*Asks:* 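I'd like to ask you about the structure that follows.
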Amino acid sequence: MRIERIVDAAAVHLAADLFDGPPLADATEKFLARPDHHLLFAFLADRAVGMISGVEMTHPDKGTEMFVYELGVAPVARLQGVGTALVRALADVARERGCYGMWVSTEVDNEAAQATYRRAGATEETPFVLLNWDLTAGDQPS
């Protein structure tokens with residue numbers, strides 16, 4: 001297995017099955033253009049079988065940390081260490097970029113994701129509440 005940073009939108013579209021939905025052309029270009037946005041693919045032979053995306057987040061009183069935006073592994077490559085290898089590779093990128101930490105959130109019933117993150121060295125913090133704004137909805141807060 002080899003892991004590569006992806007910078008070409010065509011590669012993203014060729015591996016569309018690794019994402020929750022079809023990659024959007026404009027969003028793909030915007031994501032790849034940012035030096036603080038990272039997209040890594042895992043390859044078996046020449047086939048992309050996994051992906052992880054990360055975004056560096058910087059705050060004045062904290063510094064920079066890596067947010068694990070999404071992890072996906074093709075069904076044919078699951079339970080083979082692909083997800084763990086991708087998480088570790090993104091952690092290496094985060095260290096190289098000077099991040100002080102890396103974090104992810106996942107659903108409480110997503111046992112596979114939690115196991116993958118723990119195998120890659122993550123520890124669980126105190127639970128928190130996630131609040132969300134759907135900015136595409138018709139009703140907007142005033």
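Numbering of residues begins at 1 and proceeds along the displayed sequence. Computed from a predicted model, the values in this text were never measured in an experiment. We use all heavy atoms of the structure for the numbers below, so side chains are in, but hydrogens, waters and symmetry mates are not.
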*Asks:* Does Arg88 use its side chain to pair, donor to acceptor, with the backbone of Arg119 at less than 3.5 Å?
*Replies:* yes
*Asks:* Same hydrophobic cluster for Val55 and Leu90, using side-chain heavy-atom links shorter than 4.5 Å among ILVMFWY?
*Replies:* no
*Asks:* Going from CG on Leu14 to CG on Asp46, what distance comes out if it is rounded to the nearest 0.5 angstrom?
*Replies:* 11.5 Å
*Asks:* Would Gln80 and Met1 count as a side chain to side chain contact (heavy atoms under 4.5 Å, CB included) if you check the C-alpha gap in whole Å, the side-chain angles of each, and the deciding distance to 0.1 Å?
*Replies:* CA-CA 10 Å; Gln80 297 179 38; Met1 174 178 41; over 6 Å; no
*Asks:* In terms of the angle between their ring planes, are Trp103 and Phe67 parallel, tilted or perpendicular, with boundaries placed at 30° and 60°?
*Replies:* tilted
*Asks:* Quick one: CG on Leu39 to CZ on Phe19, what's the gap to the nearest 0.5 Å?
*Replies:* 5.0 Å
*Asks:* Give, for atom CZ of Arg47 and atom CG of Asp17, the distance between the pair rounded to the nearest 0.5 Å.
*Replies:* 6.0 Å
*Asks:* Under 4.5 Å between side-chain heavy atoms, hopping through other hydrophobics if needed: is there a path connecting Phe43 to Leu86?
*Replies:* no
*Asks:* Once you round to the nearest 0.5 Å, how far does CE of Met57 lie from CE of Met66?
*Replies:* 11.0 Å
*Asks:* Taking the side chain as every heavy atom from C-beta outward, state whether Met51 and Phe41 have any pair of such atoms under 4.5 Å apart.
*Replies:* yes
*Asks:* Between His59 and Glu65, do the side chains contain an N or O donor and an N or O acceptor separated by less than 3.5 Å?
*Replies:* no
*Asks:* I'd like to check Val12 versus Phe31 (side-chain heavy atoms, cut-off strictly below 4.5 Å). Are they in contact?
*Replies:* no
*Asks:* What I'd like to find out is whether the side chain of His37 reaches to under 4.5 Å of the side chain of Tyr69, using heavy atoms alone.
*Replies:* no
*Asks:* Would you call His38 and Glu56 a side-chain contact if the rule is heavy atoms closer than 4.5 Å?
*Replies:* yes
*Asks:* I want to check something: taking the side chain as every heavy atom from C-beta on, are Thr64 and Arg97 in contact at a cut-off of under 4.5 Å?
*Replies:* no
*Asks:* Rounded to the nearest 0.5 Å, what separates atom CZ in Arg5 from atom CD1 in Ile52?
*Replies:* 13.0 Å
*Asks:* Within this structure, what is the CG-CD1 distance for the pair Leu32 and Ile6, rounded to the nearest 0.5 Å?
*Replies:* 8.5 Å
*Asks:* Is it the case that the side chain of Arg2 and the backbone of Ala45 share a donor-acceptor pair, with hydrogens and angles ignored and the cut-off at 3.5 Å?
*Replies:* yes
*Asks:* Leu40 and Val104: same hydrophobic cluster, using ILVMFWY side-chain contacts below 4.5 Å?
*Replies:* yes
*Asks:* Under 4.5 Å between side-chain heavy atoms, counting indirect links through other Ile/Leu/Val/Met/Phe/Trp/Tyr residues: same cluster for Leu44 and Leu71 or not?
*Replies:* yes
